[in-house]
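For reference, the structure is listed below as structure tokens.
Note that the structure is a prediction, hence the values are computed from the model and not measured. Convention: sequence-line order gives letters A, B, ...; per-chain numbering from 1.
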Protein chains: 2
Amino acid sequence: MARRNEQLIVSTLTDLGGFRSAQELHQHLRAAGRAVGLATVYRVLADLERDGGVETSTRQGETLYCACRTGHHHHLVCVMCGTSRDLEVDEIERWVAAVAAESGFRAVSHTIEVRGVCASCPAPSR
Amino acid sequence: MARRNEQLIVSTLTDLGGFRSAQELHQHLRAAGRAVGLATVYRVLADLERDGGVETSTRQGETLYCACRTGHHHHLVCVMCGTSRDLEVDEIERWVAAVAAESGFRAVSHTIEVRGVCASCPAPSR
DNA sequence: ATTCTTGCAAACTATTTGCAGAACA
DNA sequence: TGTTCTGCAAATAGTTTGCAAGAAT
């Protein structure tokens with residue numbers, strides 16, 4: 001099951017930190033001299049997503065992946081550099097559970113993402 | 001500035017309710033006998049998004065649009081039929097503001113989406 | 001007549017897939 | 001040797017754009 005390049009890809013994603021696109025990962029791997037194909041990057045990421053090894057997000061039509069092994073949580077993401085910091089907030093989880101119960105919805109899941117410009121990035125040019 | 005078909009497209013989106021893709025809107029318009037082009041649908045939606053006339057979300061690679069004029073809020077979306085109900089929760093807004101302040105991030109925005117299967121849809125087949 | 005908008009088709013971008021060969025057991 | 005994994009290139013799917021023609025003023 002474990003693809004041959006899984007390790008390599010996961011560690012690259014971990015090293016980069018935060019949310020990265022498949023294309024971005026591919027470029028970094030290439031730059032590092034590891035000639036992995038873009039298709040393989042996508043294949044590994046798909047496996048990881050299915051198995052819960054990465055969290056995904058979306059930015060303007062492209063899927064972003066983040067190496068997370070800390071279970072369910074949310075992120076504060078820098079839109080400039082992609083860095084992310086984890087947010088774990090029971091308060092929010094409780095609120096979601098309450099909303100779900102009250103609404104009659106089943107199989108409820110949620111996405112929470114806070115985006116901004118981190119302290120070490122220049123202000124967005126706009 | 002207002003595109004000729006803006007009204008038509010907005011009302012279709014409003015009638016359908018919830019989050020819909022550009023393609024979905026286009027099909028409905030066609031079915032209703034209004035021969036608007038897909039490109040126009042995208043163009044109008046892009047304008048609306050820029051001007052805050054619609055909220056956007058993403059599902060598996062495609063962008064979804066929802067007609068909203070109620071200012072900032074979040075949604076509880078049915079993954080089966082696309083229906084959405086508004087959630088307005090000061091609790092969450094306060095939390096986001098606090099996180100932003102404490103983190104040193106600037107220009108902070110956030111996305112919160114709660115997904116599930118609504119009471120009138122069959123359970124997801126999985 | 002001039003300006004703005006539209007539809008079509010071609011162009012793009014991100015992602016997926018078919019397939020022959022390489023890597024591994 | 002048989003199976004799995006990979007890279008490449010071709011195929012997809014959603015979205016954007018160039019452009020000539022149509023609608024509005």
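L48(A) has its side chain within reach of E6(A): a pair of non-hydrogen atoms, C-beta onward, lies under 4.5 Å apart. When side chains are defined from C-beta on, D86(A) does not count as touching H74(A), because their heavy atoms never get closer than 4.5 Å.
In this structure, E24(A) atom CD and dT15(C) atom C1' are separated by 16 Å, rounded to whole Å. Atom CD in Q7(B) sits roughly 17 Å away from atom C1' in dT6(C) (whole-Å rounding). Atom P of nucleotide dG7(C) and atom CG of L38(B) are separated by 10 Å, given to the nearest angstrom. The CD-P distance, from E49(A) to dT15(C), rounds to 11 Å in whole Å. Spacing between atom CZ of R20(A) and atom P of dA14(C) amounts to 16 Å, rounded to whole angstrom units. Atom P of nucleotide dT6(C) and atom CZ of R34(B) are separated by 12 Å, given to the nearest angstrom. Rounding to whole angstrom units, NE2 of residue H26(A) and C1' of dC8(D) are separated by 10 Å. Between the P atom of dG14(D) and the CG atom of L25(B) lies a distance of 14 Å, rounded to the nearest Å.
Residue-level contact check: A46(B) touches neither bases nor backbone, having no heavy atom under 4.0 Å from any strand. Among the atoms of the strands shown, only primed sugar atoms or phosphate atoms (P, OP1, OP2) are found under 4.0 Å from some heavy atom of R30(B).
Contact between the side-chain N/O atoms of R4(B) and the OP1/OP2 oxygens of dA24(D) is not found at any separation under 4.0 Å. Contact check, R3(B) against dT6(C): a side-chain N or O comes under 4.0 Å of OP1 or OP2. Between dG14(D) and S21(B), no contact under 4.0 Å exists linking OP1 or OP2 to a side-chain N or O.
The residue among Q60(B) and A39(A) whose nearest nucleotide of DNA chain D is located toward the 5' end is A39(A).
The minimum heavy-atom distance between A119(B) and R106(A), with the atom names listed, is O-NH2, 3.9 Å.
Side-chain proximity of N5(B) to the nucleotides dT6(D), dG7(C), dT15(C) is greatest for dG7(C). Closest to the side chain of A22(A), out of dT15(C), dT15(D), dC19(C), is dT15(C). The listed nucleotides are dA9(D), dA14(C), dT15(D); the one nearest the side chain of T63(B) is dT15(D). For R43(B), the listed nucleotide lying nearest its side chain is dG7(C); candidates were dT15(D), dG7(C), dG7(D). Listed nucleotides dT15(C), dC8(C), dT15(D) differ in distance to Y42(A); the shortest reach to its side chain belongs to dT15(C).
Residue pairs satisfying the ring pair (Phe, Tyr, Trp, His ring centres under 6.0 Å) criterion with at least one member in residues 15-53 of chain B, sequence neighbours excluded, are listed as follows: F19(B)-H75(B).
A continuous path of Ile, Leu, Val, Met, Phe, Trp and Tyr side chains, each step under 4.5 Å between heavy atoms, connects L16(B) with I9(B), placing both in one hydrophobic cluster.
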